[in-house]
Amino acid sequence: MPSSALTPSAIAAKEAAVKMHDWLARTGPDVDAWVELQTVRSQTYLKTIPAMEHFHADVLRIVDAGHRTAPTVCAGKSFDLRRQPGEQQSSLWVSDETGERCLVAASEFDAISDAITEFSPSPDGHTVVWALSHGGADWMVARFRDTATGRDLGDVIDGIKWPHFAWLDNETVAYLSWGRPPAGQELTAMNSGSSIRLHRLGTPQDQDVVLYRPEHVAWVLPSVSTDRKWLVVGESDGTVPAKIYRQLAATATADGWETVLDGHGHDEYIDVYDDETLVLSFRESSAGQVVGYRTGCAPRVIHEAADLTLDRAHLVGNRLVLLGNTLTDSVVQLLDLDNGELTQVDLPRDAVLHDLTVDTDDEAVYIDLEQIGGPRRVARYSVADVLQGKTAQDRPVAGATTDAPERAGTPASAWQVSTVDVTSADGTIVPMRVIRTAGAVPAGDAKVFLSVYGGYGVPYLASSYDSWHEAWLRAGGVLAYAGVRGGSEYGQAWHEAGIRHNKQRGIDDLIACIEWFEKAGWSGPRSVVINGMSNGGLMVSAALTQRPDLLGGAVPEVAVVDMLNFHRYTAAHGWIREYGDPEVAQDRAMLAAYSPLHNISRKVKYPPTLILTADKDDRVPPGPHSYKLAAELQETVGGREGTYLRVAYDAGHATGRSVLEKVAERSAVLAFAAHALGLENSHTAPHPGAEHESASAHEAEPDVAETEPAA
């Protein structure tokens, strides 16, 4: 474990060691030329990998299967994003009693680099506001479309990020606005000037009035209660929901706010029921509570989670739809607010819940589910049917005639899914989910693709699987997901155990997960490639710099790696609560101790590393992070031959990638990992193993207990 007791001079020395690459954080033709050379170099290398053609074909089969999202339903109309096979981006569709039609087609804009990121219909369903991201950037522009004519109105809203629209009535919408950055600095300048503004259809944006402005720069999200009576604002402390204010929507003014909560969180607004504000709170319970706040009364605990960690909730009639997670699975429950009765929705095992929406008029729940190794579908659960024990209706939208094609996938029985216990450096037991071919007994030859996130309270074991991962299984590899501290596998206490001055614990957990495979006899030395995105990329990069001897390879994506300067760019000031404040001496010493960029030794030979980023990433800008990481690793022993940088053009942190780019990116990740590990049978899929039963159990295998070091 690196020492966090670094002196100011030691920190200065670390900074000086990487200063030669500071120029990459700027923009200009010299940086563009460097990136182009890196791109040509990585493309040339990736083309030489024998498994590339196989992985590209398999990932294309998976990703290009078509998809539709869980719908947003109001006033008898249903809206969803939908992409058919062969299309590069999703289009916005509307369905009603007359059938369905495409409302905003991806062909109306650049379908390679632009994407619809958010939409919200008016209460009467006659108008929908839709936001478009150009090149995957977080900055977006919103327009308003008439659902009957299919034409946009003249209204345009720009200066928005992470849009969250709240319709007060059919003509008026509240939204989160940000101050516009200086020209030419849209992708790097610090975000500021956040406020809630009110837009009335038919008026120019410069006449939008400010309804709420936080004292400090913060994310502030507007919502309107299901009964349309209350306008509510939730304000975050960093990325943690902490403050809640409300007022009557019909008479909303800048000075009309009533304080519901004014604290440090975690307190997330749910809805208002019978004038009582419902809040999902983790202050008194690591697993979460539903707490009611009524004016003039003491708060009351309505429900406390048991055997799962709550994630979010929606109001439907007199019930809350609760979404929670166990160690590895998502759980949906209905909570009767009048009598406290709890009913569980019957969901398939080993399925990942990607999204959940509700129809408040017909009292139904739509769930976007994906079976591990199998198809992804949107299922409709009527509240009345759930209460009677009936199963879901597979048809995603009433009145719809065109379902997105389902990917056949591999039979679920082909894979064995288990959860193993890993002992971390301080003796803490860490869960890790492992997926392998059913019936196969690893005997020292496993080739492991280990994925991690480990931050912001994300329940990674329950949510980590993505369909493209199946291509690794079909190639004969083993998949694994590390439930390290910083996530929420064991509630918010698990999250807090891996943030700020505890961040190294999560890194230690990941290192222990890497070691587990060799100690348990599953693999030989250097038989694990680790992969993670964003905060997961930070975890991967930290493990890479601390224990390069363990790894067969590393693939950090859109990673945060400069922990001494991360807070200087775009929205990263909001991450201080998670990581610590580089401007505070004690925090700076802690951050310098593990900051991946500042802990690379040029005397060390690091394992093969593929760094992925995107040129329009304005959440984790590539220059200060991925570009400098690649440049620094290439200065190490063998670094020029072993480190590659792949840049996605006209793409952002998490959005904007066309199907073609996603296929190219995901197949590059898998082919690189296979080549690094020598996965010899990556050209053919394994026998489907239909004769085997899939397993899903929490395993502490006997050989693990014998080989784990003593606490």
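All values below come from the heavy atoms of this structure, side chains included, with hydrogens, waters and symmetry mates left out.
In this structure the side chain of E268 never reaches within 4.5 angstrom of the side chain of V240, judged on heavy atoms. Annotation: side chain of V290 is in contact with side chain of L322 (closest heavy-atom distance under 4.5 Å). Using a 4.5 Å cut-off on side-chain heavy atoms (C-beta onward), L261 and R283 make contact. Side chains of R145 and V104 form a contact here, defined as non-hydrogen atoms less than 4.5 Å apart. Proximity of Y269 to V279: side-chain heavy atoms (C-beta onward) are nowhere separated by under 4.5 Å. Looking at L221 and V233, their side chains never come closer than 4.5 Å, going by heavy atoms from C-beta outward. Between L278 and L337, the closest side-chain pair of non-hydrogen atoms falls below 4.5 Å. Looking at heavy atoms from C-beta onward, E100 lies in side-chain contact with R82 at the 4.5 angstrom threshold.
Closest of all the heavy-atom pairs between V291 and I302 is C-CD1, 4.3 Å. The shortest non-hydrogen separation linking P181 to E186 is CG-CA, 3.7 Å. Pairing each heavy atom of P182 with each of A189, the nearest pair is CD-CB, 3.9 Å. Residue P621 comes nearest to Y569 through the heavy atom pair CG-CB, 3.9 Å, listed as atom of the first residue, atom of the second, then distance. For the residue pair V358 and V321, the shortest heavy atom distance occurs at CG1-CG2, 4.2 Å. When all heavy atoms of Y212 and P214 are compared, the pair lying nearest together is CE2-N, 3.8 Å.
A donor atom on one side chain and an acceptor atom on the other are found under 3.5 Å apart for D155 and H199. With no hydrogens or angles considered, a side-chain donor-acceptor pair links D152 and W130 at under 3.5 Å. Remark: the Y460 side chain and the N325 side chain contain no N/O donor-acceptor pair separated by less than 3.5 Å. A donor-acceptor contact closer than 3.5 angstrom links the side chains of D169 and T172. For the residue pair N191 and H573, no side-chain donor N or O sits within less than 3.5 Å of a side-chain acceptor on the partner. Remark: the Q333 side chain and the H303 side chain contain no N/O donor-acceptor pair separated by less than 3.5 Å.
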Determine, stepwise, if the pair H495 / E578 fulfils side-chain hydrogen bond (donor to acceptor under 3.5 Å, both in side chains).
-> CA-CA 10 Å; H495 171 218; E578 182 83 8; 2.9 Å; yes
Yes or no on salt bridge (charged side-chain N to carboxylate O under 4.0 Å, His left out) for R246 and E258, after CA distance, side-chain angles and deciding distance?
-> CA-CA 5 Å; R246 75 175 192 177; E258 166 194 338; 3.5 Å; yes
Before giving the answer on salt bridge (charged side-chain N to carboxylate O under 4.0 Å, His left out), spell out for R568 and E583 the whole-Å C-alpha distance, their side-chain angles and the decisive distance to 0.1 Å.
-> CA-CA 11 Å; R568 304 184 189 280; E583 302 300 330; 3.3 Å; yes
Verify salt bridge (charged side-chain N to carboxylate O under 4.0 Å, His left out) between D275 and R294, making sure each step is shown before the conclusion.
-> CA-CA 7 Å; D275 288 342; R294 191 180 295 276; 5.7 Å; no
Are Y579 and N535 close enough, and set up right, to give a side-chain hydrogen bond (donor to acceptor under 3.5 Å, both in side chains), and what steps lead you there?
-> CA-CA 10 Å; Y579 296 139; N535 181 84; 2.8 Å; yes
Could you walk me through whether D138 and K616 pass salt bridge (charged side-chain N to carboxylate O under 4.0 Å, His left out), step by step?
-> CA-CA 9 Å; D138 284 339; K616 297 292 193 305; over 6 Å; no
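Note that CG of D208 is 6.0 Å distant from CD1 of I157, once rounded to the nearest 0.5 Å. Considering CH2 of W139 and NE2 of H134, their distance stands at 15.0 Å, rounded to 0.5 Å. Atoms CZ and CD1, on R377 and I367 in that order, are 9.5 Å from each other to the nearest 0.5 Å. Considering CD of E118 and OG1 of T72, their distance stands at 8.0 Å, rounded to 0.5 Å. If you take OG on S463 and CG on D329, they are separated by 11.5 Å, rounding to the nearest 0.5 Å. Interatomic distance, OG of S534 versus CZ of R619, reported as 7.0 Å (0.5 Å rounding).
Every residue meeting the ring pair (Phe, Tyr, Trp, His ring centres under 6.0 Å) condition with H266, not counting sequence neighbours, appears here in chain and number order: F282. Take T253 and apply the side-chain hydrogen bond (donor to acceptor under 3.5 Å, both in side chains) test, not counting sequence neighbours, and it matches D255. Residues that satisfy the side chain to side chain contact (heavy atoms under 4.5 Å, CB included) test with T655, not counting sequence neighbours, are T117, S133.
Of the possible polar contacts, one joining the S194 side chain to the A218 backbone as a donor-acceptor pair under 3.5 Å is found. The main-chain N or O of V73 is never found under 3.5 Å from a side-chain atom of S78 such that the two would form a donor-acceptor pair. Side-chain atoms of S122 come within 3.5 Å of backbone N or O of T127 as a donor-acceptor pair. Judged purely by atom type and a 3.5 angstrom limit, S286 uses its side chain to pair as donor or acceptor with the backbone of Q492. Listed for the Q205 side chain is a donor-acceptor partner under 3.5 Å among the backbone atoms of D158. Between the side chain of R500 and the main chain of I576, a donor-acceptor pair closer than 3.5 Å is present. For S225 (side chain) and W230 (main-chain N/O), a donor-acceptor pair under 3.5 Å exists by modelled atom type. A donor-acceptor pair is defined here as one N or O able to donate and one able to accept, closer than 3.5 Å; no such pair exists between the side chain of D362 and the backbone of A364. Between the R200 side chain and the V173 main chain, no donor and acceptor come within less than 3.5 Å of each other. Checked by atom type and distance alone, the side chain of R213 never pairs as donor or acceptor with a backbone atom of A254 at under 3.5 Å.
Under a cut-off of 6.0 angstrom, the local environment of CD in E284 is sparse, with at most 12 non-hydrogen atoms contributed by other residues, nucleotides or ligands. At most 12 heavy atoms of other shown residues, nucleotides or ligands fall within 6.0 angstrom of atom CG in D307.
The aromatic rings of W575 and F566 sit parallel to each other, their planes meeting at less than 30°, with 60° as the upper class boundary. A tilted orientation is assigned to the rings of Y453 and Y456, their planes being inclined by 30° to 60°.
Exactly one residue among D80, D368, D355 makes a salt bridge (charged side-chain N to carboxylate O under 4.0 Å, His left out) with R68. That residue is D80. H653 pairs with exactly one of T570, D617, D618 by the side chain to side chain contact (heavy atoms under 4.5 Å, CB included) rule, that one being D617.
For E108 and R143, the salt-bridge test fails: no basic side-chain N is under 4.0 Å from an acidic carboxylate O. The pair D146-R151 does not count as a salt bridge, with every side-chain nitrogen at least 4.0 angstrom from each carboxylate oxygen. A salt bridge links E276 and R300; the closest N-O separation between the charged side-chain nitrogens and carboxylate oxygens is under 4.0 Å.
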